[in-house]
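Structure first, commentary second.
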Amino acid sequence: MSGSRTNGIPAALAEVIEEFGHYDRGERAEMLIHYADRFVEAPSEVATRPFPESSRVPRCESEAYVWAVDRPDGTLKFHFAVESPQGLSAKAWCVILDDTLSGAPLDQVVNVSADAIYEIFGRDLSMGKGQGLIGILDVVTHAARQRLTARRSAAT
């Protein structure tokens, strides 16, 4: 996802994509485990169990949930929960999204495509895992798109 495919997305995510482009399969897996180890579930002031179905990610076998919280600067802070203890890929992806998209301009967040997932996780991602990770990204970009639409409507 080099060159023009990273234009318009948050610089922090473009850097992660570039970094993963230098790894072989084993190094990539090791880095993703490090990301997953940093996963922190959404704090109780954002969400408590049982989590609402409205926050559940469709198509995600790891039972992931996403919350987008408005920040005073007009950006969003993303919070996540992953119910499956084996959901290492989902947890790693959630950490990457929080690190790179929380606080990013919404017009850049909505430009992130599923290509980013394959650039980070590799092209040999299983269909089920890929669909779950795309589902998480879809919820994040949808929240950003909703906020942008609401702002444009309020401005007219």
Side-chain angles (χ1 to χ4, degrees), residues 1-23 28 31-32 34-47 51-83 87-123 125 128-156:
M1 194 164 155
S2 58
S4 63
R5 290 189 291 174
T6 57
N7 289 344
I9 68 170
L13 180 58
E15 289 172 19
V16 171
I17 291 167
E18 168 109 11
E19 179 183 356
F20 272 87
H22 299 294
Y23 297 146
R28 184 184 308 266
M31 285 303 300
L32 289 167
H34 287 298
Y35 274 103
D37 287 345
R38 291 182 35 227
F39 181 80
V40 177
E41 189 172 280
S44 60
E45 59 269 12
V46 172
F51 298 131
E53 280 300 307
S54 61
S55 295
R56 187 172 180 165
V57 174
R59 305 182 312 270
C60 185
E61 297 169 350
S62 295
E63 296 182 58
Y65 294 81
V66 178
W67 296 270
V69 177
D70 293 292
R71 295 172 32 148
D73 65 0
T75 64
L76 294 171
K77 167 66 175 156
F78 296 101
H79 297 278
F80 304 90
V82 177
E83 293 293 89
L88 294 180
S89 294
K91 289 178 181 179
W93 184 228
C94 290
V95 170
I96 291 168
L97 292 176
D98 183 27
D99 285 355
T100 64
L101 302 187
S102 286
L106 299 182
D107 58 342
Q108 293 179 7
V109 173
V110 298
N111 287 329
V112 178
S113 75
D115 288 344
I117 295 165
Y118 294 100
E119 294 296 330
I120 292 170
F121 287 82
R123 296 278 169 199
L125 205 56
K129 191 174 292 186
Q131 286 301 303
L133 299 177
I134 290 168
I136 294 168
L137 177 62
D138 286 350
V139 173
V140 166
T141 57
H142 178 74
R145 195 170 292 106
Q146 277 186 313
R147 298 323 194 276
L148 284 173
T149 301
R151 286 185 197 149
R152 289 180 185 134
S153 294
T156 57

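This structure is a prediction, so every number in the text was calculated from the model and none was measured. Here, residue 1 is the first one in the sequence, and each next residue gets the next number.
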Heavy-atom donor-acceptor pair, [X] side chain to [Y] backbone, under 3.5 Å:
| X | Y | answer |
| --- | --- | --- |
| Thr141 | Leu137 | yes |
| Arg28 | Ile120 | yes |
| Arg151 | Gly74 | yes |
| Arg147 | Ala143 | yes |
| Ser62 | Ala64 | no |

Test Leu13 against Gln108 for side chain to side chain contact (heavy atoms under 4.5 Å, CB included), laying out the working first. CA-CA 10 Å; Leu13 180 58; Gln108 293 179 7; over 6 Å; no
To check you understand the geometry: which heavy-atom pair defines the closest contact between [X] and [Y], and what is its length?
| X | Y | result |
| --- | --- | --- |
| Gly128 | Glu61 | CA-OE2, 3.8 Å |
| Ala104 | Thr75 | O-CG2, 3.5 Å |
| Ala114 | Ile134 | CB-CG1, 3.8 Å |
| Leu101 | Phe78 | O-CE1, 3.8 Å |
| Val57 | Ile136 | CG1-N, 3.3 Å |
| Cys94 | Phe39 | CB-CE1, 3.8 Å |

Do the side chains of [Y] and [X] get nearer than 4.5 Å, heavy atoms only?
| X | Y | value |
| --- | --- | --- |
| Tyr65 | Glu53 | yes |
| Val112 | Pro10 | yes |
| Asp70 | Leu76 | yes |
| Leu88 | Val82 | no |

Point-to-point distance, once rounded to the nearest 0.5 Å, from [atom1] of [X] to [atom2] of [Y]:
| X | Y | atom1 | atom2 | value |
| --- | --- | --- | --- | --- |
| Asp37 | Leu32 | CG | CG | 11.0 Å |
| Arg123 | Ile117 | CZ | CD1 | 10.5 Å |
| Glu15 | Glu18 | CD | CD | 8.5 Å |
| His79 | Ser55 | NE2 | OG | 11.5 Å |
| Phe80 | Lys91 | CZ | NZ | 14.0 Å |
| Glu119 | Glu19 | CD | CD | 13.5 Å |

Quick one: do Ile17 and Ile9 satisfy side chain to side chain contact (heavy atoms under 4.5 Å, CB included)? Show the steps, please. CA-CA 11 Å; Ile17 291 167; Ile9 68 170; 4.0 Å; yes
Report the C-alpha distance between Lys77 and Asp98 in whole Å, list the side-chain angles of each, state the deciding distance to 0.1 Å, and finish with yes or no for salt bridge (Lys or Arg N to Asp or Glu O under 4.0 Å). CA-CA 7 Å; Lys77 167 66 175 156; Asp98 183 27; 2.6 Å; yes
Checking Glu63 now: which residues fulfil salt bridge (charged side-chain N to carboxylate O under 4.0 Å, His left out) with it, not counting sequence neighbours?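 By the salt bridge (charged side-chain N to carboxylate O under 4.0 Å, His left out) rule, Glu63 matches Arg56.
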Return the set of residues passing salt bridge (charged side-chain N to carboxylate O under 4.0 Å, His left out) with Arg59 (not counting sequence neighbours), or none when no residue passes.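 With sequence neighbours excluded, Arg59 shows a salt bridge (charged side-chain N to carboxylate O under 4.0 Å, His left out) to Asp138, given in chain and number order.
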One pair to check against side chain to side chain contact (heavy atoms under 4.5 Å, CB included): His142 and Gln146. What are the steps and the verdict? CA-CA 6 Å; His142 178 74; Gln146 277 186 313; 3.5 Å; yes
Tell me if the centroids of the rings in Trp67 and Phe51 come within less than 6.0 Å of each other.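 Centroid separation for Trp67 and Phe51: below 6.0 Å.
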Go through the steps for Val66 and Val140 under the test side chain to side chain contact (heavy atoms under 4.5 Å, CB included), then give the verdict. CA-CA 7 Å; Val66 178; Val140 166; 4.0 Å; yes
